[in-house]
2 protein chains.
Amino acid sequence: MNTQISQTEENYLKAIFRLSLSQNKAVSTNSIAEKLNTKASSVTDMIKKLSDKKWVDYVKYQGVFLTLAGKKIAIRILRKHRLWEVFLVKHLDFTWDEVHEVAEQLEHVKSEKLTQQLDAYLEYPTHDPHGDPIPDEDGNIAHHKEIMLSAISCNEKCTIMGVKDSSVAFLKYLDSSGIQLGTLVEVVKKEAFDQSMHILFEGKKRNISQQISKNLFVKKHRL
Amino acid sequence: MNTQISQTEENYLKAIFRLSLSQNKAVSTNSIAEKLNTKASSVTDMIKKLSDKKWVDYVKYQGVFLTLAGKKIAIRILRKHRLWEVFLVKHLDFTWDEVHEVAEQLEHVKSEKLTQQLDAYLEYPTHDPHGDPIPDEDGNIAHHKEIMLSAISCNEKCTIMGVKDSSVAFLKYLDSSGIQLGTLVEVVKKEAFDQSMHILFEGKKRNISQQISKNLFVKKHRL
DNA sequence: ACTAATTTTTAGGGTTGTCTAAAAATTAAT
DNA sequence: ATTAATTTTTAGACAACCCTAAAAATTAGT
Ligand SMILES: [Mn+2]
Ligand SMILES: [Mn+2]
Ligand SMILES: [Mn+2]
Ligand SMILES: [Mn+2]
């Protein structure tokens with residue numbers, strides 16, 4: 001029997017985990033296929049393998065749930081991914097839109113010591129460059145229950161805590177707008193017509209579409 | 001056509017390069033198989049692929065030579081391997097017998113920026129933890145023409161510059177003996193019978209077998 | 001409830017990289 | 001120069017992933 005896990009299997013487990021976070025239902029074949037840029041038929045094949053290995057619970061036509069073992073693996077990969085992202089930004093001068101692609105490879109390097117030492121070296125960061133929480137060694141994740149900027153009312157103030165969409169395009173847009181993690185934002189006005197928002201930050205005024213405001217996690221300021 | 005290089009292909013090219021350094025002949029199928037812990041038939045298969053891609057010159061039954069393109073790739077991998085080894089020792093508290101296995105994985109991460117920045121971050125190291133030279137960005141390697149400790153005569157002094165065998169077993173043996181890179185060694189006596197050597201370093205005396213002395217690169221001290 | 005649309009699975013194949021066993025070529029030994 | 005030993009290649013197969021096209025199951029629409 002093959003006891004070693006492959007990179008592909010790791011990517012599948014991670015994808016399933018991330019998809020299962022945003023819902024309580026079984027993760028569908030199609031959603032996995034879309035996330036991994038592959039075909040549904042390939043996903044079905046792989047799901048069977050993951051099921052044989054007891055990493056997912058699978059009922060035909062009903063999608064999958066991660067088992068405890070599967071979840072543990074997924075979280076370990078996610079932890080490595082995010083630690084590497086921190087490393088790249090903090091020490092190797094990468095920008096937040098450059099790290100994902102490289103972390104996608106680095107996350108598969110197998111060495112317990114490497115992960116631990118990297119974590120220590122980075123001084124146990126809690127969040128990655130996109131504001132996503134980094135699981136600790138035991139797999140605990142600070143569940144970010146932050147709200148979206150789009151949910152903030154007029155005249156309220158908040159701080160940008162993370163991005164939902166971490167595509168290169170979105171991150172570059174934010175850079176060009178001067179919006180980063182930690183930026184203090186005040187909602188000045190909301191257009192009823194298209195839900196776009198006038199915001200004020202660092203003295204600058206800007207109008208942002210709902211597509212933007214729906215992809216920014218914020219922390220409300222207490223009154 | 002498949003333009004992307006696989007990890008396996010990279011490992012083959014690196015192996016062929018390292019084997020070609022110690023000789024001027026074509027690299028044999030069997031030697032590659034041995035180095036990569038695989039079977040000769042698998043090597044023949046892969047050699048054909050590498051040959052199709054113009055990374056090796058291959059004549060049936062005559063072994064292979066790297067082409068210029070193949071050599072470039074091999075050197076790039078070697079560079080990454082050794083840079084990562086330096087990183088692991090310098091920043092993540094790895095010992096020199098632990099780094100190889102992890103670097104074997106890290107060397108395959110694809111990102112020009114990563115390599116460059118890592119190099120800069122490490123302050124452009126010239127040698128890895130085993131004393132092996134690190135190719136620069138243009139692929140130039142400081143050809144270490146050091147001699148073996150076994151070739152040093154009685155009463156001569158030298159400095160340990162590198163290890164030829166970098167197996168965990170050998171490195172651990174050196175650790176337990178207190179021998180490291182930079183250690184100053186004087187040859188006190190050589191046994192004619194088994195070529196073992198009595199050496200003196202850091203006040204300690206030791207007898208080392210030829211197997212040891214033949215695997216240590218040294219730099220002779222000028223008189 | 002019954003069709004229609006969508007999702008998921010199966011069937012059949014392709015590629016990469018590996019293996020064992022047998023055949024062919026090369027090299028070494030007499 | 002033959003024969004024997006060794007090296008290398010071929011033949012045939014298998015595992016991991018991926019694909020397209022067709023079939024089956026589920027879900028949505030009326
Ligand atoms: Mn990945
Ligand atoms: Mn991230
Ligand atoms: Mn490798
Ligand atoms: Mn090394």
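Each chain gets a letter, A, B and so on, in the order the sequences are listed, and its residues count up from 1. Since this is a predicted model, take the numbers as computed values, not measurements.
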S.K.: Just say parallel, tilted or perpendicular for the rings of A:Trp84 and B:Trp84, cut-offs at 30° and 60°.
M.R.: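 Perpendicular: the ring planes of A:Trp84 and B:Trp84 meet at over 60°.
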S.K.: Check the surroundings of atom NZ in A:Lys90: do more than 12 heavy atoms from other residues, nucleotides or ligands lie under 6.0 Å from it?
M.R.: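 Yes.
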S.K.: Just how far is it from atom CD1 of A:Ile73 to atom CD1 of A:Ile5, taken to the nearest 0.5 Å?
M.R.: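 The distance works out to 4.0 Å.
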S.K.: Classify the ring geometry of B:Tyr121 against A:Phe87: parallel below 30°, tilted from 30° to 60°, perpendicular beyond 60°.
M.R.: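 Because their plane-to-plane angle is over 60°, the rings of B:Tyr121 and A:Phe87 count as perpendicular.
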S.K.: On DNA chain D, does the nearest nucleotide to A:Asn37 precede the nearest nucleotide to B:Val59 from the 5' side, or the other way round? Give the residue.
M.R.: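 Whichever sits nearer the 5' end wins; that is B:Val59.
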S.K.: Kindly state which residues belonging to residues 22-32 of chain B come within less than 4.0 angstrom of DNA chain D, counting heavy atoms of the residue only, listed by number.
M.R.: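 Those residues are B:Ser28, B:Thr29, B:Asn30.
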S.K.: When rounded to the nearest 0.5 angstrom, what distance separates CG in A:Leu122 from NE2 in B:His91?
M.R.: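 So the CG of A:Leu122 and the NE2 of B:His91 are separated by 11.5 Å.
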S.K.: Identify which nucleotide among C:dT18, D:dT8, C:dG17 has an atom closest to any side-chain atom of B:Ser6, counting heavy atoms from C-beta outward.
M.R.: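 Per side-chain heavy atoms of B:Ser6, the pick is C:dG17.
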S.K.: Counting side-chain heavy atoms from C-beta on, which of D:dT9, C:dT18, D:dT26 comes nearest to B:Thr8?
M.R.: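 Side chain of B:Thr8 sits closest to C:dT18.
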S.K.: Could you list by number each residue of residues 10-20 of chain B showing a heavy-atom separation from DNA chain C of less than 4.0 Å, or answer none if no residue does?
M.R.: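 Those residues whose heavy atoms fall under 4.0 Å from DNA chain C, taken from residues 10-20 of chain B in numerical order, are B:Tyr12.
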S.K.: Think A:Lys49 has a side-chain N or O under 4.0 angstrom from the OP1 or OP2 of D:dA16?
M.R.: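 So the side-chain polar atoms of A:Lys49 never come under 4.0 Å of the phosphate oxygens OP1 or OP2 of D:dA16.
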S.K.: Do any N or O atoms from the side chain of A:Arg82 and from the backbone of A:Pro133 form a donor-acceptor pair under 3.5 angstrom?
M.R.: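 Flag set: sc A:Arg82 to bb A:Pro133 pair under 3.5 Å.
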S.K.: Is it true that B:Asn30 and B:Ser28 share a donor-acceptor pair across their side chains at a distance under 3.5 Å?
M.R.: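 Side-chain D/A pair, B:Ser28 to B:Asn30: absent.
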S.K.: Have a look at B:Glu9 and tell me which of B:Lys14, B:Lys49, B:Lys48, B:Lys53 forms a salt bridge (charged side-chain N to carboxylate O under 4.0 Å, His left out) with it.
M.R.: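 The option that passes is B:Lys53.
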S.K.: Can you see which heavy atom on A:Met46 is nearest to which on A:Thr8, and at what distance?
M.R.: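 That would be CE-CG2, 3.6 Å.
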S.K.: Judged by atom type as modelled, is there a donor-acceptor pair below 3.5 Å linking the side chain of B:His130 to the main-chain atoms of B:Trp96?
M.R.: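 At least one qualifying donor-acceptor pair exists.
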S.K.: List, with names and distances, any nitrogen or oxygen atoms from the protein found under 3.5 Å away from nitrogen or oxygen atoms belonging to nucleotides 20-25 of chain C.
M.R.:
from, atom 1, to, atom 2, distance (Å)
C:dT20, OP2, B:Lys39, NZ, 3.1
C:dT20, O4, B:Ser41, OG, 2.9
C:dA25, O4', B:Tyr61, OH, 3.4

S.K.: If you check the A:Asp45 side chain, which of D:dC19, D:dC17, C:dG17 turns out closest?
M.R.: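 Closest nucleotide to the A:Asp45 side chain: D:dC19.
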S.K.: Is atom CD of A:Glu34 surrounded by more than 12 heavy atoms (other residues, nucleotides or ligands) closer than 6.0 Å?
M.R.: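 No, the 6.0 Å shell around CD holds no more than 12 heavy atoms from other groups.
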